[in-house]
Amino acid sequence: MLKYRLSALAILIIGALVGWYVYDSQVSGSRPFRLGLDLSGGTQLLYKADTSAIAQADQEESLNALRETIERRVNLFGVAEPIVQREKGSSVAGEGEERLIIELPGVTDANKAIEMIGQTPTLEFRMQKEIVEVGVGEGAPTDPIDMFEPAILTGRNITRAELQFGQGGLANEPAVVVHFDSEGTKIFAETTKAGVGRTFGIFLDGVPISTPVIREEIPDGTAVISGSFTAESARELVRNLNFGALPVPIELVQTQTVSGTLGGEAVKDGVLAGLWGFAAVALFMILWYRVPGLLAILALTLYVVLSLALFKVVPVTLTAAGIAAFILSIGMAVDANVLIFARMREELAKGKTPDEAIQDGFARAWLSIRDSNISSIITAIILFWFGTSIIKGFALVFGLGVIL
């Protein structure tokens, strides 16, 4: 029994240290819990998408790619739970213009929210018009982009960008090498084959950064962007393109700070529900299993402390659905104890010693515990993979709880 007592003592010490971390970080504010938009409010941004340069047949796909790219930028690990959704303006407000609504939980500084979206580059590849009407006076083109045809390739066709030196003829000249996806490779090969001798413009946010002349067909889906780059600006472009180049230009139309739809009252009710649920489980375990039940409650307390610490470290954004998942996981966490204790009673009734009863009881209960938890983890993965932002929050907290 000595090894069990030493193990329990070590676990309690770890639990105490983790509990102090949770308490201290919350009181000091160094790493507070992150609350979702429904509990703490946040910032809402309204963007207008410019689809004028995109063919009608490709607009739907491009707008969906835009939404996914921005969601990926503000939520790389899927735990910040932003709400990114498309909206079509009325004919009166914007003649059917496409809009993007972005809600960022816990962000009350609009400037910070805009910074989170970032100045993502809009990269376009355009062929120069065969006949450019120069004109004079009012007829003269004022924008270089008017001398080029609509974009045939955009940032959404890029799979990877990398920084290289010496691509533009000079040994130390930085250049950005972009690799296209299968669709972009096919379009790029056909374009360069048919446009030998013509100027091919590469535009970043509507500004030409390179206008090379096509010398030959480029079938491998690789383009080199060179020009007046410094090493730092080229590195920044590579980072932004890999981080998520926007397939459609967007313009910020409106920002507003929104209050929590449920607010502090929901947080208070959720905490109370968790405490009452924990107390009910503790009372049942102590009355029914006595000393083993008390040990189970100590283990359950450790589980709660470790879960809260994990929520801070990841960090997990807690919504009302997430709090519900956490309370549910507390109830499920004690299932293993119930199964083990029931098997231990059976082994003790057979006349086995406490050491033997613990080992055999755990061995007999383990298969049921394992299968139950695996099925719960699979459910959490499916919910997280296919669910919306709220469902993802529930699945993430539930899945982490089961694993822990």
Atom [atom1] in [X], atom [atom2] in [Y]: separation rounded to 0.5 Å?
X    : Y    : atom1 : atom2 : answer
I202 : F148 : CD1   : CZ    : 10.0 Å
S329 : L400 : OG    : CG    : 9.5 Å
L163 : E232 : CG    : CD    : 10.0 Å
L46  : L252 : CG    : CG    : 8.0 Å
I330 : T301 : CD1   : OG1   : 9.5 Å
I102 : Q44  : CD1   : CD    : 10.0 Å

Quiz item: Are any of the side-chain nitrogens in E60 or R86 under 4.0 Å away from the carboxylate oxygens of its partner?
Solution: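 Looking at E60 and R86, the cut-off is met.
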Exercise. For a ring-ring contact (aromatic ring centres under 6.0 Å, His included) with F326, tell me which candidate from F398, F278, F311 qualifies.
Key: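 The ring-ring contact (aromatic ring centres under 6.0 Å, His included) with F326 is passed solely by F311 among F398, F278, F311.
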With heavy-atom distances below 4.5 Å as the criterion, would you say the side chains of [X] and [Y] are in contact?
X    : Y    : answer
Q128 : T211 : no
D50  : E251 : no
Q359 : E347 : no
E217 : V196 : no
M285 : V334 : yes
N373 : D335 : no
T222 : F180 : no
Y289 : L295 : no

Which atom of [X] lies closest to which atom of [Y], heavy atoms considered:
X    : Y    : result
F394 : A321 : CD1-O, 3.3 Å
G184 : L153 : CA-CD2, 3.7 Å
M332 : S376 : CE-OG, 3.5 Å
I214 : T191 : CD1-O, 4.3 Å
A336 : I369 : CB-CD1, 3.7 Å
V178 : A161 : CG1-CB, 4.1 Å

Side chain to side chain donor-acceptor pair (under 3.5 Å) partners of [X], counting only residues at least two apart:
X    : result
N337 : none
E149 : R198
E190 : none

Test your reading of the model: is there a side-chain donor-acceptor pair from [X] to the backbone of [Y], 3.5 Å cut-off?
X    : Y    : value
K129 : D146 : yes
S375 : S372 : yes
T192 : I218 : yes

Quiz prompt | Worked verdict on R99 versus V253 for side chain to side chain contact (heavy atoms under 4.5 Å, CB included) | solution = CA-CA 9 Å; R99 298 173 179 174; V253 177; over 6 Å; no
Quiz prompt | Candidates K352, R343, R345 - the one meeting salt bridge (charged side-chain N to carboxylate O under 4.0 Å, His left out) with D360 | solution =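 One option only clears the test, and that one is K352.
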Exercise. Could you tell me how the ring of F125 sits relative to the ring of F200: parallel (under 30°), tilted (30 to 60°) or perpendicular (over 60°)?
Key: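 Taking F200 first and then F125, their aromatic rings lie parallel (interplane angle under 30°).
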